[in-house]
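Structure record follows, encoded as structure tokens.
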Amino acid sequence: MNATDKRWRWGILGPGNIAERFATAACELPQAQLHAVASRDPARAEAFARRFSIPVHYGSYDALANDPAVDAVYIATPHALHQEHAQLCLSAGKAVLCEKPIALSQAQARSMIDTARRHRVFLMEAMWTRFLPATRKALELLQSGEIGELKYLRADFGTLFKFDPANRIYDLKLGGGSLLDVGVYPLFLALLLFGQPDEVKAFAHLCSTGADVSINALLFYKQGRMANILSSVEANTPLTAEIIGSKGTLSLDRPWYKAQSLTVSPNSGASRILAEPYEGNGFQFEIQEVMNCLAQNKLESVLMPLDLSLSMTQVSDEIRAQCGIRYD
């Protein structure tokens, strides 16, 4: 059997809503086999396994991490538990796809990466937007000089969540707040395009639990570039992303984080829309990337490298420090 024909056996750690999207996408890929799911609530694990025809279910995370049949684990637990659960699986020799954000802080992310490299095991942050056809097409156009020299980015992600102090969105013990829940998307795009900023200015609106319900951040670069990113859980925002260059503008069409088309608007001339459709929920592309990397014995993805994840946590740390956000 060729490496490209191998079926990779996946374990899912944490059967929540995001895990359902992962499982739905994995079921559509011939190389992916859902082998096991684990929850601290055995009944939840059993119900999830039944829904997706997963043959094995566990009532503990340790049991899944130590299952010799599992090739890779998708970490789908709350943000605050990512480091603990990823390191559990990495230490057991399992490749890990960790749901975004990879960790609460740069210190946690660095510890996870150190563990992966020490055990020589694959690790990637599950930033699924990175692998969508529209994102890849946008990068191709930008690199070809389609809109000239990059100057400015404006991207937002805001969606209204009813306030509930017990909800993970507003619970600092679980890494709550708009920045890590939805703000990671525009932050990711800024760092993907422009790299590490030279200066950050951030403002936030905090709710009674201390979690940020909205954040507006400006990223400055010595080359004269700027990125304005907005996140919110108290309002629905336009969900648009505009990349402005010296020769025109490229827009990922709304909702930009799962765009299926993009618009190129030159300074002179007519705009054109480029369709980049895909079937399914979009998670299949990041899952396929992990399996491609494993087939090539890679320890990280070139498209979503660990240095980019580290950069995201570093900027997040700076934004939170400026806004007075402290996780328990």
Side-chain angles (χ1 to χ4, degrees), residues 14-21 40-41 75-85 98-109 125-129 153-191 197 199-220 226-241 254-258 309 311-328:
N17 292 334
I18 199 75
E20 291 187 5
R21 298 181 65 187
R40 287 175 175 164
D41 181 347
I75 306 293
T77 50
H79 310 334
L81 302 174
H82 285 179
Q83 179 192 15
E84 174 189 347
H85 295 155
C98 185
E99 188 51 53
K100 62 191 183 324
I102 193 169
L104 292 186
S105 67
Q106 187 183 39
Q108 286 190 356
E125 183 175 9
M127 182 55 68
W128 63 291
T129 299
L153 166 72
R154 192 213 62 79
D156 68 84
F157 195 140
T159 186
L160 177 62
F161 287 90
K162 181 180 179 181
F163 179 71
D164 178 0
N167 188 294
R168 68 165 186 85
I169 295 291
Y170 301 101
D171 188 348
L172 288 179
K173 292 180 180 178
L174 298 178
S178 73
L179 178 61
L180 293 191
D181 202 73
V182 294
V184 290
Y185 286 95
L187 176 59
F188 147 77
L189 187 61
L191 299 186
E199 189 176 359
V200 176
K201 296 291 185 184
F203 304 88
H205 174 208
L206 307 184
C207 67
S208 58
T209 67
D212 59 286
V213 292
S214 63
I215 281 184
N216 198 340
L218 289 172
L219 280 55
F220 296 91
M226 290 186 286
N228 185 345
I229 60 175
L230 169 68
S231 65
S232 177
V233 292
E234 64 176 351
N236 293 323
T237 65
L239 301 176
T240 55
R254 59 182 300 184
W256 74 264
Y257 67 95
K258 56 179 180 180
S309 294
S311 181
M312 289 175 62
T313 55
Q314 181 179 346
V315 177
S316 293
D317 284 354
E318 176 61 26
I319 290 173
R320 291 199 320 276
Q322 291 187 21
C323 297
I325 303 164
R326 298 181 182 277
Y327 300 126
D328 291 348

Next item on the list: Decide yes or no on side chain to side chain contact (heavy atoms under 4.5 Å, CB included) for L179 and D181, but give the supporting numbers first.
Entry: CA-CA 6 Å; L179 178 61; D181 202 73; over 6 Å; no
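- Atoms CG and OG, on L180 and S105 in that order, are 10.0 Å from each other to the nearest 0.5 Å.
- Residues F161 and N167 are not in side-chain contact: their nearest non-hydrogen atoms beyond the backbone lie 4.5 Å or more apart.
- Electrostatic pairing of D164 and K162 does not count as a salt bridge here, judged by no charged N lying under 4.0 Å from a carboxylate O.
- Heavy atoms only, all atoms of each residue included: V315 and P197 are closest at CG2-CD, 3.8 Å.
- By the 4.5 Å heavy-atom criterion applied to side chains, I75 and E99 are not counted as neighbours.
- A donor-acceptor pair under 3.5 Å is formed between the side chain of T129 and the backbone N or O of Y257.
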Next item on the list: Take S214 and S232 through the side chain to side chain donor-acceptor pair (under 3.5 Å) test and state the conclusion after the steps.
Entry: CA-CA 4 Å; S214 63; S232 177; 5.2 Å; no
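- Using a 4.5 Å heavy-atom cutoff, the side chains of K173 and Y327 are not in contact.
- Using a cutoff of 4.0 Å between basic side-chain nitrogens and carboxylate oxygens, E318 and R320 are not scored as salt-bridged.
- A pairwise comparison of heavy atoms in L230 and P186 identifies O-CG, 3.9 Å as the closest pair.
- Here the straight-line distance linking atom CZ of R254 with atom OG1 of T237 works out to 8.5 Å at 0.5 Å rounding.
- Counting heavy atoms from C-beta on, the side chains of T313 and I102 come closer than 4.5 Å.
- Counting only heavy atoms from C-beta outward, the side chains of D171 and T209 never approach each other to under 4.5 Å.
- Shown here is N236, whose CG atom has more than 12 heavy atoms of other residues, nucleotides or ligands within 6.0 Å.
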Note to self: Applying side chain to side chain contact (heavy atoms under 4.5 Å, CB included) to V184 and F157, what does each step give before you reach the verdict?
What the structure shows: CA-CA 9 Å; V184 290; F157 195 140; over 6 Å; no
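- A 4.5 Å side-chain heavy-atom check between H82 and T77 finds at least one atom pair inside the cut-off.
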Next item on the list: Quick one: do D156 and T240 satisfy side chain to side chain contact (heavy atoms under 4.5 Å, CB included)? Show the steps, please.
Entry: CA-CA 6 Å; D156 68 84; T240 55; 3.3 Å; yes
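- Summarising the geometry of L104 relative to H79, their closest heavy-atom pair is CD2-CB, 3.8 Å, with the distance given to 0.1 Å.
- Residues meeting the ring-ring contact (aromatic ring centres under 6.0 Å, His included) test with F163, sequence neighbours left out: Y170.
- The shortest distance between side-chain heavy atoms of I215 and I229 does not fall below 4.5 Å.
- Side chains of D212 and S178: a donor-acceptor N/O pair is present below 3.5 angstrom, by distance only.
- Residue A190 comes nearest to A227 through the heavy atom pair CB-CB, 3.9 Å, listed as atom of the first residue, atom of the second, then distance.
- Across all non-hydrogen atoms, the minimal contact from Q322 to K201 is OE1-CA, 3.5 Å.
- The shortest distance between side-chain heavy atoms of N228 and L153 does not fall below 4.5 Å.
- Annotation: side-chain hydrogen bond (donor to acceptor under 3.5 Å, both in side chains) contacts of K100 (sequence neighbours excluded): Y185.
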Checklist line | Intermediate values then yes/no, side chain to side chain contact (heavy atoms under 4.5 Å, CB included), L218 and V200 | finding: CA-CA 6 Å; L218 289 172; V200 176; over 6 Å; no
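- Taking every heavy atom of both residues into account, I18 and A76 meet most closely at CG2-CB, 3.7 Å.
- A donor-acceptor contact closer than 3.5 angstrom links the side chains of E125 and S309.
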